[in-house]
Amino acid sequence: MTESVYAVEATRSEDWWVIEVVSGLPATVVGVSQARRLNKVPKVARRLIADLLEVDINQVMVDVKVSMPSELEAVLDRARQAVATEVEARSAAARARCDAAAALLGANLTMREAGQVLGVSHQRIKQLADQARDSAIA
């Protein structure tokens, strides 16, 4: 059984999601339907395509792209950028904490003292220092 992937675009219209099959269908076939909820779009699209092509629904896979108005896309882009910045900052903070733990231990503080200075438990200091050492090796 060969599965085919069809590109589908979902656009909000009033209380419905308009579903349009934008690629994969023969040029003479138009695939448009609607769904009340976004989570139903893939199933409705698969059923639509299967019915149009008279194939088993299990042979149909869809790649759904949600199309939003430009003002909403701008808001979404800002949110995506903020999340990417947050992920980067968390990663940098984790690296800095590991480096600080290793540096504190390297300055001959005990694990308990280093934990107190860094605001974590002495067990966590050991983990952080080990991570710093492992990343330095890699």
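Position 1 is the first residue of the sequence; numbering continues from there.
Heavy atoms only, all atoms of each residue included: Ile125 and Leu118 are closest at CD1-CD2, 3.8 Å. For Ser33 against Leu48, the heavy-atom pair with the smallest separation is CB-CD2, 4.0 Å. Looking at every heavy atom in both residues, Ala50 comes nearest to Asp56 through CB-C, 4.3 Å. Considering all non-hydrogen atoms of both residues, Ala102 and Ala132 come closest at CB-CB, 3.9 Å. Between Val44 and Gln34, the closest heavy-atom pair is CG1-O, 3.7 Å. What you find for Val8 and Val22 is that their closest heavy atoms are N-CG2, 4.2 Å.
Two different hydrophobic clusters hold Val18 and Val64 under the rule that ILVMFWY side chains link at heavy-atom gaps under 4.5 Å. One hydrophobic cluster, built from ILVMFWY side chains closer than 4.5 Å, cannot hold both Met68 and Val75; they sit in different ones. By the criterion of side-chain heavy atoms lying less than 4.5 angstrom apart, applied directly or through intervening Ile, Leu, Val, Met, Phe, Trp or Tyr residues, Val29 is grouped together with Val21 in one hydrophobic cluster.
Look at Arg95 and Asp99 and you find no salt bridge, because none of the NZ, NE, NH1 or NH2 atoms lies under 4.0 Å from a carboxylate O.
Residue-environment remark: CZ (Arg112) stays at or below the threshold of 12 foreign heavy atoms within 6.0 Å. With a 6.0 Å radius and a threshold of 12 heavy atoms from other residues, nucleotides or ligands, Glu113 has its CD atom above the threshold. Within a 6.0 Å radius of CD in Glu88, no more than 12 heavy atoms belonging to other residues, nucleotides or ligands are found.
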Discussion item. Between Glu20 and Thr11, is the side chain to side chain contact (heavy atoms under 4.5 Å, CB included) condition met? List the steps.
Written reply: CA-CA 8 Å; Glu20 181 180 3; Thr11 307; over 6 Å; no
Worksheet item: Which is it for Tyr6 and Asp63 under the side chain to side chain contact (heavy atoms under 4.5 Å, CB included) test, yes or no, and what are the steps along the way?
Response: CA-CA 6 Å; Tyr6 299 85; Asp63 180 23; over 6 Å; no
Worksheet entry | Criterion side chain to side chain contact (heavy atoms under 4.5 Å, CB included) on Lys43 and Val41, from CA distance to verdict | CA-CA 6 Å; Lys43 184 176 181 179; Val41 168; over 6 Å; no
Worksheet item: Can you list the steps and then say if Met111 with Leu105 is a side chain to side chain contact (heavy atoms under 4.5 Å, CB included)?
Response: CA-CA 7 Å; Met111 280 195 259; Leu105 293 178; 3.8 Å; yes
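Of the possible donor and acceptor atoms, one in the side chain of Arg46 sits under 3.5 Å from a partner among the backbone N and O of Val60. The closest donor-acceptor contact from the side chain of Glu54 to the backbone of Asp51 lies at 3.5 Å or more, if one exists at all. Within the 3.5 Å criterion, the main-chain N or O of Trp16 finds no donor-acceptor partner in the side chain of Ser13. With Thr85 contributing its side chain and Gln81 its backbone, the two residues share a donor-acceptor pair below 3.5 Å.
Atom CD of Glu9 is separated from atom OG of Ser23 by 10.5 Å, given to the nearest 0.5 angstrom. Interatomic distance, CE of Met61 versus OG of Ser4, reported as 10.5 Å (0.5 Å rounding). Distance check: Gln116 CD to Thr110 OG1 gives 8.5 Å after rounding to the nearest 0.5 Å. Distance check: Arg124 CZ to Arg97 CZ gives 6.5 Å after rounding to the nearest 0.5 Å. In this structure, Ser121 OG and Gln127 CD are separated by 7.0 Å, a value rounded to the nearest 0.5 Å. Once rounded to the nearest 0.5 Å, the distance linking CZ of Arg133 with CD of Gln131 reads 10.5 Å.
For residues 71-85, the pairs satisfying salt bridge (charged side-chain N to carboxylate O under 4.0 Å, His left out) are Glu73-Arg80, Asp77-Arg80, with sequence neighbours left out.
Two residues are said to be in side-chain contact when any heavy atoms from C-beta on lie closer than 4.5 Å; Val66 and Leu38 meet this criterion. Looking at heavy atoms from C-beta onward, Leu25 lies in side-chain contact with Leu52 at the 4.5 angstrom threshold.
Annotation: cation-pi geometry not satisfied between Arg36 and Trp17 (NZ/CZ under 6.0 angstrom from ring centroid, within 45° of ring axis).
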